[in-house]
Amino acid sequence: MQRHLISAADLTRDDAVLILDTAEEMARVADRPIKKLPTLRGRTIVNLFFEDSTRTRISFEAAEKRLSADVINFSAKGSSVSKGESLKDTAQTLEAMGVDAVVIRHGASGAPYRLATSGWIDAAVVNAGDGTHQHPTQALLDAFTMRRRLVGRDAGLGQDLSGKRITIVGDVLHSRVARSNVDLLHTLGAEVTLVAPPTLVPVGIETWPCAVSYDLDSTLPKSDAVMMLRVQRERMNAAFFPTEREYSRRYGLDGDRMARMPEHAIVMHPGPMVRGMEITAEVADSERCTVVEQVANGVSIRMAVLYLLLGGNEPAVSHARTTEEK
Ligand code: CP
């Protein structure tokens, strides 16, 4: 494992499989009455959030606490960032407090890379989503969910996603989730197809390791997993499609469309969902939709990432006694 996790593209197949396998070990902790390991006792982790988040932020905090780390939560809202303090000065303030890892979400693509490579801090940096660039732990939890559902919880250990057909649908242009997933799924051997209106397909998509289609209905029957993306209105400065109704009609997933998918295929969404826009309530609440499972799996994946980045080189759970056992 590298010292930082900035991009899903930085992970080799072996790195990614090690994280997925370690996350399976971490998931066992969630089945115990006391969901805690002593692994990161005495280590300090800062969650540095310059952009809004529900799932990622809570999930990192839960993962850190389950590993017994000391946790500091920093939100740009209500901090001296609103008085004009720079990322560098904010980072150096945290460094002075002796942090071991910084989990950062930022609206600017490249902010986590800058933090990791600037020399401002010594801590390990984990990208929790930067602009439209990357969200590597989201891609890892998505791959973990796919491996469990499409390969099997035990059968999946040591395995990748070779031959699995994954369709990602919607606002690819503004989606760090799509970028991270394309990188990671390609590394894990999956075949990825992006489906989007032409206006929401990024320039240079032909260099991405995936296929592109504008026709959702013909892609669904050939998919093992269909991942719906939210339309990111907050990042749009122009009209990218005629109306929301027209978008939903062509690119939304409803019950009729879901019926075109193979019986074993799953529906995924990174959240937050906009029900009625990219996904209907009927689909979101169906047995085939893994959105809540993805959130639960996110805690195991983030435990695995923090454990491995902060020096874990022994089996994470089997050799570590739980705090309950001590
Ligand atoms: N999937 C995801 O990143 O959600 P949040 O923005 O709520 O963290």
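Read the numbers this way: they start at 1 and go in the same order the structure lists the ligands and their atoms. Note: hydrogens, waters and symmetry copies are ignored here, and every other heavy atom, side chains too, is used.
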R249 bridged to E246 by N-O distance under 4.0 Å | yes
What protein heavy atom is closest to atom 1 (N) of ligand 1, reported as residue, atom name and distance in Å?
-> P270 O, 2.9 Å
For Q138, take its heavy atoms, then give the atoms of ligand 1 lying under 4.0 Å from any of them.
-> 1 (N), 2 (C)
Is it possible for you to check whether R302 lies under 6.0 Å from the centre of the six-membered ring of F60, through NZ or CZ, and within 45° of that ring's axis?
-> yes
Does E24 pair with R153 as a salt bridge, N-O distance under 4.0 Å?
-> yes
If you have a sec, work out which protein heavy atom is nearest atom 7 (O) of ligand 1 and how many Å separate them, to one decimal?
-> T54 N, 2.8 Å
Closest protein heavy atom (residue, atom, distance) for atom 2 (C) of ligand 1 = T56 OG1, 3.5 Å
Please confirm whether D52 comes within less than 3.5 Å of ligand 1 when only nitrogen or oxygen atoms on both sides are compared.
-> no
Salt-bridge contact E293-R149 (side-chain N to carboxylate O under 4.0 Å) | yes
For atom 6 (O) of ligand 1, the closest protein heavy atom turns out to be R105 NH1, 2.9 Å
G271 heavy atoms, cut-off 4.0 Å: which ligand 1 atoms fall inside?
-> 1 (N), 2 (C), 4 (O)
Considering residues at least two apart in sequence or located in another chain, which fulfil the ring-ring contact (aromatic ring centres under 6.0 Å, His included) criterion with F50?
-> F74, H106
Atom 4 (O) of ligand 1 has as its nearest protein heavy atom R55 NE, 3.1 Å
For E206, look at atom CD and say whether over 12 heavy atoms of other residues, nucleotides or ligands are found less than 6.0 Å away.
-> yes
